[in-house]
Amino acid sequence: MKVLEVDLGARSYPIYIGEALLADASLYAKHIVGRQVMVVTNDTVAPIYLDTLLSALSDYSVDSVVLPDGEQYKTLDTLNLIFSALLEKKHNRKTTLIALGGGVIGDMTGFAAACYQRGVNFIQVPTTLLSQVDSSVGGKTGVNHVLGKNMIGAFYQPKAVIIDVNTLLTLPPRELSAGLAEVIKYGLIRDDAFYKWLESHADQLLSLDVDAISYAIETSCLCKASVVAEDETEKDVRAILNLGHTFGHAIETHMGYGNWLHGEAVAAGMVMALDLSCRLGWVAESEIDRLKLLLKQVSLPIAGPASMTADDYLPHMLVDKKNVDGSIRLVLLERVGFAVVTSNYPSKALSQTLQACSSNKR
Ligand code: NAD
Ligand code: GLY
């Protein structure tokens with residue numbers, strides 16, 4: 001087992017990465033404060049993993065709430081099901097919420113923990129690749145609104161992140177690929193050596209070679225933990241973790257939550273970010289082809305949905321948490337391995353990117 005640290009002073013916490021950790025009672029015991037535990041999961045994950053987790057929690061008074069599965073249920077209405085379960089079962093301030101599932105469950109459970117009785121303990125047990133490398137680390141929690149993705153939420157850190165890599169064995173291949181989009185993101189924004197490593201290990205990652213996938217998770221979590229430690233509440237550098245996300249959130253919102261997976265939308269969005277970086281003269285055109293090749297190798301899209309025109313993007317891109325004073329701030333690459341956040345680009349270049357990448361003409 002590897003143990004990494006998210007260094008946030010009094011709110012620091014460990015990330016455990018290894019095999020069969022889901023059943024490791026001693027890990028939970030280190031981070032549960034009282035006697036009460038509420039496991040939050042969904043109707044896809046519960047039949048596969050809930051019993052194993054409950055067995056590891058046999059020393060506690062445990063309740064569970066099983067939510068409907070899907071990005072379309074990442075709403076305030078669904079959040080209320082968690083609050084109702086906590087109140088019906090009389091959970092007190094010392095309760096610990098455990099998120100068992102992907103990013104949707106993790107984001108909602110974290111937000112519920114931030115709000116319930118003004119803040120209770122929570123532990124992330126992420127079971128998708130995307131949630132293991134990204135959403136479970138860093139304390140961004142929340143739900144969607146029909147007018148914008150992740151627009152209602154809070155920064156609220158977990159007490160621990162427990163990553164059992166064996167849970168990936170049941171993940172549908174499309175979800176595995178979606179997680180690899182965020183893994184590739186870390187290479188692009190901060191680590192060109194890791195990006196090269198990914199290019200030569202795509203097959204091992206897709207076949208879930210345990211050494212390769214563990215290395216990819218560990219390297220991704222290290223990158224995320226270091227960015228979060230520098231800028232927990234995204235005043236500045238943390239925004240680089242959103243490479244491709246402004247374009248991607250526009251795709252997710254426009255297409256209807258759940259139709260394009262978050263990672264798929266981010267993959268197309270990263271191509272758009274590189275295209276714009278290339279138009280600004282920062283990266284060579286060959287870097288766009290290089291990224292497209294890697295995305296194709298791991299079965300990810302390299303352009304936006306055919307049904308979405310360039311004009312469809314802008315209204316959604318204007319509703320983005322990074323924006324200030326009405327200008328769209330984007331994460332772009334000065335070079336592979338070095339990202340910047342800027343609104344200093346000609347709007348014509350952005351229009352050209354949207355034209356080129358929404359129809360995959362470039
Ligand atoms: P998800 O939570 O919808 O999970 C994907 C699918 O896999 C679901 O159907 C889920 O039930 C299923 N699943 C989960 N684990 C499984 C397993 N081990 N075996 C079989 N099926 C399994 O999607 P996701 O990609 O994990 O997360 C996407 C969400 O994360 C989005 O809402 C996105 O906004 C959010 N996100 C948050 C952050 C953050 O920093 N908080 C970062 C990135 C993404
Ligand atoms: N996924 C972006 C962030 O955590 O900041």
Side-chain angles (χ1 to χ4, degrees), residues 6 22 40-50 52-53 66-75 78 99-111 114 124-144 148-158 161 163-183 185-186 189 208 220-221 223-225 227-228 230-246 248-249 252-253 257-266 321-322 331 341:
V6 185
L22 188 62
V40 183
T41 185
N42 70 28
D43 51 16
T44 302
V45 176
I48 322 177
Y49 295 115
L50 184 56
T52 308
L53 176 57
V66 179
L67 304 177
D69 181 14
E71 184 74 38
Q72 67 275 30
Y73 296 108
K74 190 179 168 185
T75 61
T78 311
L100 174 69
V104 170
I105 287 295
D107 282 12
M108 283 200 290
T109 307
F111 191 34
Q124 290 271 19
V125 184
T127 59
T128 62
L129 181 61
L130 187 139
S131 57
Q132 295 181 351
V133 299
D134 193 349
S135 61
S136 63
V137 175
K140 277 191 183 175
T141 72
V143 295
N144 299 328
K149 179 135 170 77
N150 294 335
M151 277 291 160
I152 319 292
F155 285 101
Y156 195 69
Q157 301 294 342
V161 180
I163 299 177
D164 183 340
V165 297
N166 290 349
T167 59
L168 299 178
L169 293 169
T170 54
L171 196 63
R174 188 178 165 202
E175 298 290 350
L176 181 66
S177 293
L180 286 171
E182 301 280 11
V183 174
K185 172 191 81 179
Y186 293 112
I189 60 171
L208 288 177
S220 300
C221 286
C223 180
K224 176 127 192 198
V227 174
V228 168
E230 275 175 60
D231 177 23
E232 182 183 5
T233 54
E234 200 170 307
K235 300 279 183 292
D236 178 22
V237 69
R238 182 167 179 168
I240 66 170
L241 295 171
N242 284 317
L243 178 73
H245 284 55
T246 310
H249 285 168
E252 285 183 87
T253 308
Y257 298 131
N259 289 317
W260 268 55
L261 300 182
H262 177 73
E264 293 171 341
V266 165
K321 293 187 287 305
K322 288 186 294 305
V331 185
V341 187

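Numbering of ligands and ligand atoms starts at 1, following listing order. Atoms considered below: every heavy atom in the structure, side chains included; atoms not considered: hydrogens, waters and symmetry mates.
- Using a distance-only test at 3.5 Å, with no hydrogens or angles considered, a donor-acceptor pair links the side chain of Lys185 to the main chain of Leu241.
- The one candidate from Glu71, Lys149, Glu182 that meets the side chain to side chain donor-acceptor pair (under 3.5 Å) condition with His262 is Glu182.
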Using a cut-off of under 3.5 Å, which N/O atoms of ligand 1 pair up with protein N/O atoms, and what distance separates each pair?
from	atom 1	to	atom 2	distance (Å)
ligand 1	2 (O)	Gly103	N	3.1
ligand 1	2 (O)	Val104	N	3.0
ligand 1	9 (O)	Asp69	OD1	3.2
ligand 1	9 (O)	Asp69	OD2	2.6
ligand 1	11 (O)	Asn42	ND2	2.9
ligand 1	11 (O)	Asp69	OD1	3.1
ligand 1	11 (O)	Asp69	OD2	2.9
ligand 1	15 (N)	Thr127	O	3.3
ligand 1	15 (N)	Thr127	OG1	2.7
ligand 1	18 (N)	Thr127	O	3.0
ligand 1	18 (N)	Thr167	O	2.9
ligand 1	18 (N)	Thr170	OG1	3.3
ligand 1	19 (N)	Thr170	O	3.3
ligand 1	19 (N)	Thr170	OG1	2.7
ligand 1	26 (O)	Gly103	N	2.8
ligand 1	26 (O)	Thr128	OG1	2.6
ligand 1	27 (O)	Gly103	N	3.2
ligand 1	32 (O)	Glu71	OE1	2.7
ligand 1	32 (O)	Glu71	OE2	3.0
ligand 1	32 (O)	Lys74	NZ	2.8
ligand 1	32 (O)	Lys149	NZ	3.3
ligand 1	34 (O)	Lys74	NZ	3.2
ligand 1	34 (O)	Lys149	NZ	2.8
ligand 1	34 (O)	Asn150	ND2	3.2
ligand 1	40 (O)	Lys224	NZ	3.4
ligand 1	41 (N)	Asp107	OD1	3.0
ligand 1	41 (N)	Lys140	O	2.9

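- Within 6.0 Å of OH in Tyr49 there are more than 12 heavy atoms belonging to other residues, nucleotides or ligands.
- In terms of heavy-atom proximity, Val40 sits nearest to Ile105 at O-CG2, 3.4 Å.
- For the pair Leu129/Leu180, a side-chain contact is recorded, criterion being any heavy-atom separation below 4.5 Å from C-beta on.
- Side-chain atoms of Glu232 do not come within 3.5 Å of backbone N or O of Gly138 as any donor-acceptor pair.
- Side-chain atoms of Thr141 come within 3.5 Å of backbone N or O of Ala154 as a donor-acceptor pair.
- Across all non-hydrogen atoms, the minimal contact from Asp69 to Asn42 is OD1-ND2, 3.2 Å.
- At distances below 3.5 Å, not a single donor-acceptor pair connects side-chain atoms of Thr127 with backbone N or O atoms of Thr167.
- Listed by chain and number, residues touching ligand 2 at under 4.0 Å (heavy atoms only) are Asp134, Lys140, Lys224, Glu234, Arg238, Leu241, Asn242.
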